[in-house]
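Quick notes on the structure that follows.
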Amino acid sequence: MSDIKKFMYVNRKAPYGTIYAWESLEVVLIGAAFEQEVSMAFVDDGVYQILKGQDTTEIGVKNFSPTYSALGDYDVNKIYVEKESLEERGLTVDDLLDLKYEDEDDDWAEKDSIKVVTSKELAEILEQQEVVLSF
Amino acid sequence: MPIEVNGKTYETDEEGYLANLSEWTPEIGEAMAKEEGTELTDAHWEVINFLREYYEEYQIAPAVRVLTKAIGKKLGKDKGNSKYLYELFPYGPGKQACKYAGLPKPTGCV
Amino acid sequence: MSTLHTINKSPFDRASLQSCLRLAADGNAILLFEDGVYGAMKGSTVAELVEKALSNKTIYVLGPDMKARGVDESKLIDGIKVVDYKGFVELTVENDKVNAWV
């Protein structure tokens, strides 16, 4: 594939009530395997996807929250979380998974993938994308 | 197409991947490899075990590109390249090694 | 007649919780499960509404659905009770009818 495009996946649904969250994550991993420039945004109930401490043992469905930690390996290291969505839900960045990546251009230093941004900042980031897929 | 190992039958999908990954034993991996004409060596097992650990931690089988990079980091540069991995698993390190490891086909593998 | 209201949608995705709180009678029981459990968390914009309802209604939340979603008990609004599947069944038996706000 010669043409590298800027892909943004916008996640707006809670993780287990519907299949959207898992479907989105799979598509992100597939897209990243084709070496596109992939970023993700978590807004509205989508922020619940990356809450830490998920344990699905008692509801008998697969807990896919550990998979978000693999995103760094797939070079998906721009993960935007909308500040207003967190605040509406009484959450802070400390309630979220600690997602990291290793920066190849900085001697593999471990860095945070998650960036909390305001609606205004996220609007600008969305504007820069070539492809936006919303789940 | 179920696979029989030591008199016990295990369900697989149409491509031969184990249906229930909790049933996996090293013997099942050996039997699957044998069926495809591969004798598993320590070098194969190093990769298979790595894949199982990766799955345990992240709940996915990594794409080949990710696998190659991660193997290089863990087992050394001489092993973290496609040439080495394809020599061990000529049908594709992702597809073939994941099958023997009892994992689903890697996400992003078509 | 005693009523158990059940809510399985996030209050930020749909207004099921808000409608239920507006229309449920005093003394009724309300159970939050599946994505409904998010309505039981402290500090959100619906928390005040839920706290007010607790003065004359009993609110329950399904433990397994909380755990699945990473909602720790320490994050629950004070006064909300955690039940397991058995408790869910008991609530449906104890009440004369069930109103599911889907």
Side-chain angles (χ1 to χ4, degrees), chain A residues 10-25 41-69 79 81-99 114 116 119 134-135, chain C residues 6-18 20 31-52 54 59-80 82-89 100-102:
Chain A
V10 181
N11 297 281
R12 298 185 46 250
K13 300 264 200 293
Y16 303 107
T18 63
I19 195 73
Y20 290 96
W22 171 240
E23 295 268 305
S24 165
L25 187 53
F42 292 89
V43 301
D44 297 338
D45 277 357
V47 301
Y48 289 134
Q49 292 178 24
I50 49 173
L51 270 197
K52 64 181 171 198
Q54 296 177 36
D55 175 4
T56 59
T57 324
E58 291 176 48
I59 66 165
V61 302
K62 180 180 165 128
N63 175 7
F64 53 85
S65 67
T67 307
Y68 293 98
S69 298
I79 299 180
V81 180
E82 192 197 22
K83 185 169 169 273
E84 285 79 354
S85 296
L86 285 177
E87 284 171 356
E88 189 184 10
R89 288 160 185 77
L91 302 171
T92 70
V93 72
D94 296 332
D95 296 309
L96 305 179
L97 294 167
D98 194 15
L99 303 182
I114 290 184
V116 177
S119 310
S134 187
F135 288 85
Chain C
T6 64
I7 289 155
N8 71 338
K9 298 292 188 300
S10 157
F12 307 103
D13 194 39
R14 250 178 264 194
S16 316
L17 175 65
Q18 292 85 334
C20 169
L31 174 79
L32 309 175
F33 72 113
E34 293 176 0
D35 288 348
V37 303
Y38 295 124
M41 289 177 84
K42 266 184 208 163
S44 85
T45 51
V46 296
E48 205 183 330
L49 207 63
V50 175
E51 280 157 14
K52 234 172 86 188
L54 278 164
I59 302 183
Y60 302 89
V61 58
L62 190 62
D65 284 338
M66 278 172 56
K67 282 183 209 155
R69 288 162 179 78
V71 178
D72 191 76
E73 278 198 42
S74 65
K75 300 252 164 168
L76 292 183
I77 293 166
D78 293 334
I80 293 185
V82 181
V83 291
D84 55 12
Y85 290 115
K86 194 165 158 277
F88 190 165
V89 174
W101 297 77
V102 289

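So you know, we letter chains A, B, ... as the sequences are listed, proteins then strands, and number each from 1.
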statement: Pair count under 4.5 Å, heavy atoms only, with chain A: among C:A68, C:A47, C:G70, highest is C:A68

Heavy-atom contact with chain A under 4.5 Å, split by part of C:D65: both

Spatial distance of atom OG1 (A:T56) from atom CD1 (A:I59) [nearest 0.5 Å]: 5.5 Å

query: Between A:Q54 and A:Y48, which heavy-atom pair has the shortest distance, and what is it?
result: NE2-O, 3.6 Å

- request: With sequence neighbours left out, write down each residue that passes salt bridge (charged side-chain N to carboxylate O under 4.0 Å, His left out) with C:K75, or none if nothing qualifies.
  value: A:D95

query: Do you know which two heavy atoms are closest between A:S85 and A:V47, and how far apart they sit?
result: CB-CG1, 3.9 Å

message: At a 4.5 Å cut-off on heavy atoms, which part of A:D45 comes close to chain C: side chain, backbone, both, or neither?
response: side chain

message: Is C:K67 in contact with chain A via its backbone, its side chain, both, or neither, using a 4.5 Å heavy-atom distance?
response: both

- prompt: Are any non-hydrogen side-chain atoms of A:Y20 and A:N11 less than 4.5 angstrom apart?
  reply: no

- prompt: chain C heavy atoms under 4.5 Å from A:Q49: which part of the residue, side chain, backbone, both or neither?
  reply: neither

- line: Comparing C:G43, C:G63, C:S44 against chain A, the one with the most heavy-atom pairs below 4.5 Å turns out to be C:S44

field: Donor-acceptor contact below 3.5 Å, side chain C:T45 vs main chain A:E88
entry: yes

- prompt: By a 4.5 Å heavy-atom criterion (distance strictly below it), what part of A:L91 contacts chain C: side chain, backbone, both, or neither?
  reply: side chain

